[in-house]
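For reference, the structure is listed below as structure tokens.
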Amino acid sequence: QVQLVESGGTLVQAGDSLRLSCAASGRTTISFAMGWFRQTSGKEREFVAAIGWTGSSKNYADSVKGRFAISRDNAKNVVYLQMNNLKREDSAIYYCAAARSRVGLTSFENYDYWGQGTQVTVSS
């Protein structure tokens, strides 16, 4: 089993930066791909970013490309999401997830473990 705990969500203003963290415990996630998804009320969970287990492979949703950066520290079992130039439409609950799969990482169905989420609210 893998437990994921997100942190760092808060209320910020448009244009601000924020870094989310996802700490893993239990079984090591070093061989897992990791992803960030977000969800707003009434909408399906949306892919944000994913990173392969070595950290060299990264993938981003078009809506965040150039503004967000995903990274991981396997020694600490932590995954980060650096969010810059935040917009109101980035407001959501952000979820961290771990996947055994190496493919299909933009789809939430391919992830095996999920955190409880952290709220990010961007005001204009």
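Note that the structure is a prediction, hence the values are computed from the model and not measured.
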Taking all non-hydrogen atoms of both residues into account, name the closest pair between [X] and [Y] and its distance.
X    : Y    : answer
L105 : Y111 : O-OH, 2.6 Å
A69  : Y60  : CA-OH, 3.3 Å
F108 : R45  : CD2-O, 4.0 Å
S101 : V103 : OG-O, 2.7 Å

query = Does any pair with a residue in residues 111-124 pass salt bridge (charged side-chain N to carboxylate O under 4.0 Å, His left out), and if so which ones, sequence neighbours excluded?
reply =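 Pairs touching residues 111-124 that pass the test: R100-D112.
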
query: For residues 114-124, which residue pairs qualify under salt bridge (charged side-chain N to carboxylate O under 4.0 Å, His left out), counting only residues two or more places apart or in two chains?
result: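 Salt bridge (charged side-chain N to carboxylate O under 4.0 Å, His left out) check on residues 114-124 returns no pairs.
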
Are the side chain of [X] and the backbone of [Y] linked by a donor-acceptor contact shorter than 3.5 Å?
X    : Y    : value
T118 : S7   : no
R88  : S124 : no
N59  : A50  : no
N74  : W53  : yes
S107 : E109 : no
K58  : S71  : no

Could you list the donor-acceptor pairs under 3.5 angstrom formed between side-chain atoms of residues 9-18 and any protein atom two or more places apart in sequence or on another chain?
{"from": "D16", "atom 1": "OD2", "to": "Q13", "atom 2": "N", "distance (Å)": "3.1"}
{"from": "S17", "atom 1": "OG", "to": "N84", "atom 2": "OD1", "distance (Å)": "3.0"}

**Asked** Salt bridge check: are D90 and K87 linked by an N-O gap of less than 4.0 Å?
**Response**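 No, D90 and K87 are not salt-bridged.
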
_Once salt bridge (Lys or Arg N to Asp or Glu O under 4.0 Å) is applied, do any residues pair with E46, and if so which ones, sequence neighbours excluded?_
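E46: salt bridge (Lys or Arg N to Asp or Glu O under 4.0 Å) contacts with R38.
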
Do [X] and [Y] come within less than 4.5 Å of each other through their side chains, counting heavy atoms only?
X    : Y   : value
W114 : L4  : no
Q39  : Y94 : no
V79  : W36 : yes

### Task
Kindly work out whether a path of hydrophobic side-chain contacts (I/L/V/M/F/W/Y, heavy atoms less than 4.5 Å apart) joins Y113 to L20.
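As far as the 4.5 Å side-chain criterion goes, L20 and Y113 are connected within one cluster.
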
May I ask you to check whether over 12 heavy atoms, not counting those of E44, lie within 6.0 Å of atom CD?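 No.
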
| Would you find more than 12 non-hydrogen atoms of other residues, nucleotides or ligands less than 6.0 Å from K76 atom NZ? |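 Not more than 12 within 6.0 Å, no.
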
- Query: With sequence neighbours left out, what residues match F47 under ring pair (Phe, Tyr, Trp, His ring centres under 6.0 Å)?
  - Reply: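 F37.
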
| message | Between Y80 and I70, does the side chain to side chain contact (heavy atoms under 4.5 Å, CB included) criterion hold? Intermediate values first, please. | response | CA-CA 6 Å; Y80 303 100; I70 189 171; over 6 Å; no

> Which pairs count as disulfide (SG to SG under 2.5 Å) when at least one residue sits in residues 79-124, sequence neighbours excluded?
Replying inline: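 For residues 79-124, and leaving out neighbouring residues, the disulfide (SG to SG under 2.5 Å) pairs sorted by first residue read C22-C96.
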
